[in-house]
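What follows is a single structure, written as structure tokens, with notes after it.
The shown structure was predicted, so the numbers you read here are calculated from the model rather than taken from an experiment.
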Amino acid sequence: MFDNDRSLTDFNYYYSYLLQYLRLNKYQVEPDHPQIIANSIAALDAFENARRNGATVPMAEAEAISVLFSNIGESEYNTVTELILENFGDTIDLDSEDAVEYWTNQIMTDIPDLFDGVDSMAIGVDALDLELMETEIVGRIVIYLSDNGLQ
């Protein structure tokens, strides 16, 4: 059996897949983050091992995707977007996608400590911890809007 170099010098589908997901969901992370590289290589290994052990391509793909997203938390950007849509539609104008994007960016810029106290994973924030802190995060947004005459 030959030894494979699992660095990212060759094309790794899972690396590209994960980077595309992270960009689409506006995670603030560099493409060479060690967690991205480790997860990509582990996903490729998981796919190959599953196929060697008789799994169908869809089954092996599901296993690889599961490995690929281990230690990847929730996107702070998506979280803020969801919170303003759920809680502030009657307070601020959210009638278009551009308006939602504007307010999400504004809140994230003006409240840099919005996610303080929420457990950060290697990439993103822990979903369970985020659920526990949701009320506090919404409260910080309410204070921000009040301080700026919008509440």
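Here Arg51 does not pair with Glu63 in a salt bridge; the nearest charged N to carboxylate O distance is not below 4.0 Å.
Once rounded to the nearest 0.5 Å, the distance linking CG of Asp98 with CG of Asp95 reads 9.5 Å. Expressed to the nearest 0.5 Å, how far CD1 of Ile107 lies from CD1 of Ile84 amounts to 5.0 Å. From Asn148, atom CG reaches atom CD1 of Ile143 across 12.0 Å, with rounding to the nearest 0.5 Å. Atom CH2 of Trp103 sits about 9.0 Å away from atom CG of Asp110, to the nearest 0.5 Å. Taking CG of Leu83 as the start and CG of Leu114 as the end, the distance is 8.0 Å to the nearest 0.5 Å. Expressed to the nearest 0.5 Å, how far CD of Glu134 lies from CG of Asp129 amounts to 12.5 Å.
Residues Tyr13 and Leu44 are not in side-chain contact: their nearest non-hydrogen atoms beyond the backbone lie 4.5 Å or more apart. Between Asn78 and Lys26 there is no side-chain heavy-atom pair separated by less than 4.5 Å. For the pair Phe47 and Ile65, the minimum side-chain heavy-atom distance is 4.5 Å or more. By the 4.5 Å heavy-atom criterion applied to side chains, Ser40 and Leu68 are counted as neighbours. Between Asn71 and Ile123, every side-chain heavy-atom pair lies at or beyond the 4.5 Å cut-off. For the pair Leu130/Leu128, no side-chain contact is recorded, criterion being any heavy-atom separation below 4.5 Å from C-beta on. By the 4.5 Å heavy-atom criterion applied to side chains, Arg140 and Tyr144 are not counted as neighbours. Here the side chains of Asn87 and Ile141 are not in contact, with every heavy-atom distance at 4.5 Å or above.
Residue Ala60 comes nearest to Ala55 through the heavy atom pair N-CB, 4.2 Å, listed as atom of the first residue, atom of the second, then distance. For Ala46 against Val67, the heavy-atom pair with the smallest separation is CB-CG2, 3.9 Å.
In summary, the side chains of Tyr14 and Asn39 do not present any donor paired with an acceptor at a separation below 3.5 Å, with no hydrogens or angles considered.
Ile92 and Leu85 fall within the same hydrophobic cluster, where Ile, Leu, Val, Met, Phe, Trp and Tyr residues are linked whenever their side-chain heavy atoms come under 4.5 Å apart, directly or through other members. A continuous path of hydrophobic side-chain contacts links Tyr102 to Phe88 [ILVMFWY only; heavy atoms under 4.5 Å].
Between the Thr109 side chain and the Gln106 main chain, no donor and acceptor come within less than 3.5 Å of each other. Of the possible donor and acceptor atoms, one in the side chain of Asn12 sits under 3.5 Å from a partner among the backbone N and O of Tyr15. Arg23 places no side-chain N or O within donor-acceptor distance of the main-chain N or O of Leu18, the cut-off being under 3.5 Å.
The aromatic rings of Tyr21 and Tyr27 lie tilted to each other, with the angle between the two planes from 30° to 60°.
More than 12 heavy atoms of other residues, nucleotides or ligands sit less than 6.0 Å from atom CD of Glu86.
Scored by the side chain to side chain contact (heavy atoms under 4.5 Å, CB included) test, Met108 finds Glu76, Tyr77, Val80, Thr104 as partners (sequence neighbours excluded).
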